[in-house]
Number of protein chains: 2
Amino acid sequence: MMQKKATLNAQPRSDNRLNLLDAAARRFCSRSYYGKSMRDIASDVGIKAGSIYYCFESKKELLIAVQKEGIRRITSLVSTAIATANTPWDRLQAAMISNLQEILSGNDYAQVVIRELPRIDDPRRRRLIDARNKYDLIFIKPIKDLEIGSEIKCYQIRFLIMGAMNWSPMWFKSDGQSPEEIAKGFLN
Amino acid sequence: MMQKKATLNAQPRSDNRLNLLDAAARRFCSRSYYGKSMRDIASDVGIKAGSIYYCFESKKELLIAVQKEGIRRITSLVSTAIATANTPWDRLQAAMISNLQEILSGNDYAQVVIRELPRIDDPRRRRLIDARNKYDLIFIKPIKDLEIGSEIKCYQIRFLIMGAMNWSPMWFKSDGQSPEEIAKGFLN
DNA sequence: GTCTATAGGTAGATAGAC
DNA sequence: GTCTATCTACCTATAGAC
């Protein structure tokens, strides 16, 4: 699908696939998947709509790619953060901080996973949901290790924490509390 | 805009304005404001797209009406629930239970407020946001009355609780925990 | 790798009949 | 109140030039 070498008469733009993903994430986030056109996304990276189809075979493919990348990024960041902490409490806090950092970073990938995944209708959605569920499970172990209640209780706590985090973009102000402060505030 | 009497040759449908609001709420919820057409909404109530414009002068007007009604409903329900409880703790719990009942009821109005309000671009959005902020404030008083921390702490708790509630439609299963159980679970 | 041109479909909205 | 018919605009996607 992608060629290794640019032809001589092509303009010297570095890999537009990534630029397109960034633009799509931004656009899908601000007005939903259905609310922004291929023309909008293309114009953000300085090309025409038809050219997107060199990298992505359809609009839905573009959405799936954004979501796949979004899950990959946040999973990677949070896993790393957890690995560097020693106690269950620190692991939970580290996971929350890096999760919030990614969600509130303004790159919009995570939000497209969060907000658009439940309503896309596509066979590949199943795999994405599995990947997101797997991501959500990262949080359950540190909570269980806190040993503060039954298994049901642990899941309730996880729903509480993850819901609050997933919702935070709605009220977050970049001149207010930092992700660290928000995470610590949630944990008392 | 609306007439009081139906003409004789009109079909005997009772006020379609409400039916249209219900259908719009459902559709805007499932595929976003941009993802569903006036034709889709019209067909849900058994009329043609052009006929919607007898009740609503534009698609955006229809969205605004859904959101206005959504805020009105949940404000009314939660205010009433709070008024029937006696202690701060009971008031907070009553507010959470009725908030969750409305959000998880399946009528979709609340979710259109929650999910679509941040991204519509319209002068009237300001008023809706004010109304929703006023609604959010309903929760702050019971939390403050609990006297468990500083004002900042109270707002952190509110963000935690409201975020978790607003997010609950994503994982709620109608054969699982009830809104009461979820609210009590969040409150420990 | 990006362009232009365009096919083929659907969108929101309006006008006028009934 | 709802219909049909229609306008204009925009959409996704493709084909072929460069």
Side-chain angles (χ1 to χ4, degrees), chain A residues 1-24 27-28 30-66 116 119-122 124, chain B residues 1-25 27-28 30-66 112 116 119-122 124:
Chain A
M1 192 202 229
M2 295 187 58
Q3 296 174 352
K4 298 276 172 165
K5 287 184 182 180
T7 54
L8 283 176
N9 55 351
Q11 293 184 21
R13 289 200 188 86
S14 56
D15 194 0
N16 255 337
R17 193 188 142 89
L18 275 176
N19 295 335
L20 281 169
L21 278 180
D22 285 346
R27 293 292 197 168
F28 291 161
S30 76
R31 297 231 307 179
S32 97
Y33 171 67
Y34 304 100
K36 281 295 174 179
S37 69
M38 297 297 259
R39 283 173 180 78
D40 296 324
I41 296 163
S43 84
D44 281 354
V45 307
I47 63 175
K48 300 290 180 183
S51 310
I52 297 181
Y53 294 86
Y54 178 82
C55 288
F56 300 96
E57 65 183 28
S58 70
K59 189 184 182 186
K60 196 170 265 179
E61 195 80 36
L62 184 50
L63 172 64
I64 305 266
V66 168
E116 297 296 328
R119 49 185 163 201
I120 60 164
D121 185 24
D122 190 282
R124 284 157 298 184
Chain B
M1 194 204 231
M2 294 187 58
Q3 296 173 353
K4 298 276 171 166
K5 289 184 179 179
T7 54
L8 283 175
N9 55 349
Q11 295 185 21
R13 289 199 189 88
S14 56
D15 193 1
N16 254 338
R17 194 189 140 88
L18 276 176
N19 295 336
L20 281 169
L21 278 180
D22 284 347
R27 293 292 197 169
F28 291 160
S30 76
R31 296 231 309 182
S32 96
Y33 171 68
Y34 304 100
K36 279 296 173 179
S37 69
M38 297 298 260
R39 284 169 180 80
D40 296 324
I41 295 163
S43 85
D44 282 354
V45 307
I47 62 175
K48 299 290 180 183
S51 310
I52 297 182
Y53 293 86
Y54 180 81
C55 288
F56 300 95
E57 65 183 26
S58 70
K59 189 184 183 186
K60 198 171 265 179
E61 195 81 35
L62 184 52
L63 172 64
I64 304 267
V66 168
V112 175
E116 298 297 327
R119 47 185 165 201
I120 60 163
D121 185 23
D122 189 281
R124 285 157 296 182

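In the text below, chain A, chain B and the rest are named by the order of the sequence lines, each starting its count at 1.
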Can you tell me how far the [atom1] atom of [X] sits from the [atom2] atom of [Y], to the nearest 0.5 Å?
{"X": "B:Glu61", "Y": "B:Ile64", "atom1": "CD", "atom2": "CD1", "answer": "7.0 Å"}
{"X": "A:Ile41", "Y": "A:Ile52", "atom1": "CD1", "atom2": "CD1", "answer": "5.5 Å"}
{"X": "A:Ser32", "Y": "B:Ile120", "atom1": "OG", "atom2": "CD1", "answer": "13.0 Å"}
{"X": "A:Ser37", "Y": "A:Arg31", "atom1": "OG", "atom2": "CZ", "answer": "9.0 Å"}

Given C:dG1, is OP1 or OP2 found less than 4.0 Å from the side-chain N or O atoms of A:Asn16? no
Is there a side-chain contact between A:Phe56 and A:Met38 in this structure, where contact means two heavy atoms from C-beta onward sitting under 4.5 Å apart? no
Any ion pair linking B:Asp122 and B:Arg124 (charged N to carboxylate O, less than 4.0 Å)? yes
Assess whether a salt bridge exists between B:Glu116 and B:Lys36, defined as any Lys/Arg side-chain N lying under 4.0 Å from an Asp/Glu carboxylate O. no
Sort by first number and list every stem of DNA chain D: at least 3 consecutive Watson-Crick or G-U wobble pairs, both distances under 3.5 Å. C:1-18 with D:1-18
Could you give the [atom1]-to-[atom2] distance, from [X] to [N], as a whole number of Å?
{"X": "B:Leu20", "N": "D:dG1", "atom1": "CG", "atom2": "P", "answer": "12 Å"}
{"X": "A:Asn19", "N": "C:dT2", "atom1": "CG", "atom2": "C1'", "answer": "14 Å"}
{"X": "B:Ile41", "N": "C:dA11", "atom1": "CD1", "atom2": "P", "answer": "11 Å"}
{"X": "B:Tyr54", "N": "C:dG16", "atom1": "OH", "atom2": "P", "answer": "18 Å"}
{"X": "B:Lys48", "N": "C:dG12", "atom1": "NZ", "atom2": "P", "answer": "15 Å"}
{"X": "A:Ile52", "N": "C:dC3", "atom1": "CD1", "atom2": "P", "answer": "10 Å"}

I'd like a table of atom pairs between the protein and nucleotides 12-15 of chain D - only N or O on both sides, under 3.5 Å - with the distance next to each one.
residue, atom, partner, partner atom, Å
D:dT12, OP1, A:Lys59, NZ, 2.8
D:dT12, OP2, A:Met38, N, 2.8
D:dA13, OP2, A:Tyr53, OH, 2.9
D:dA13, OP2, A:Lys59, N, 2.7

For the residue pair B:Asp22 and B:Asn19, confirm or rule out a side-chain donor-acceptor distance under 3.5 Å. no
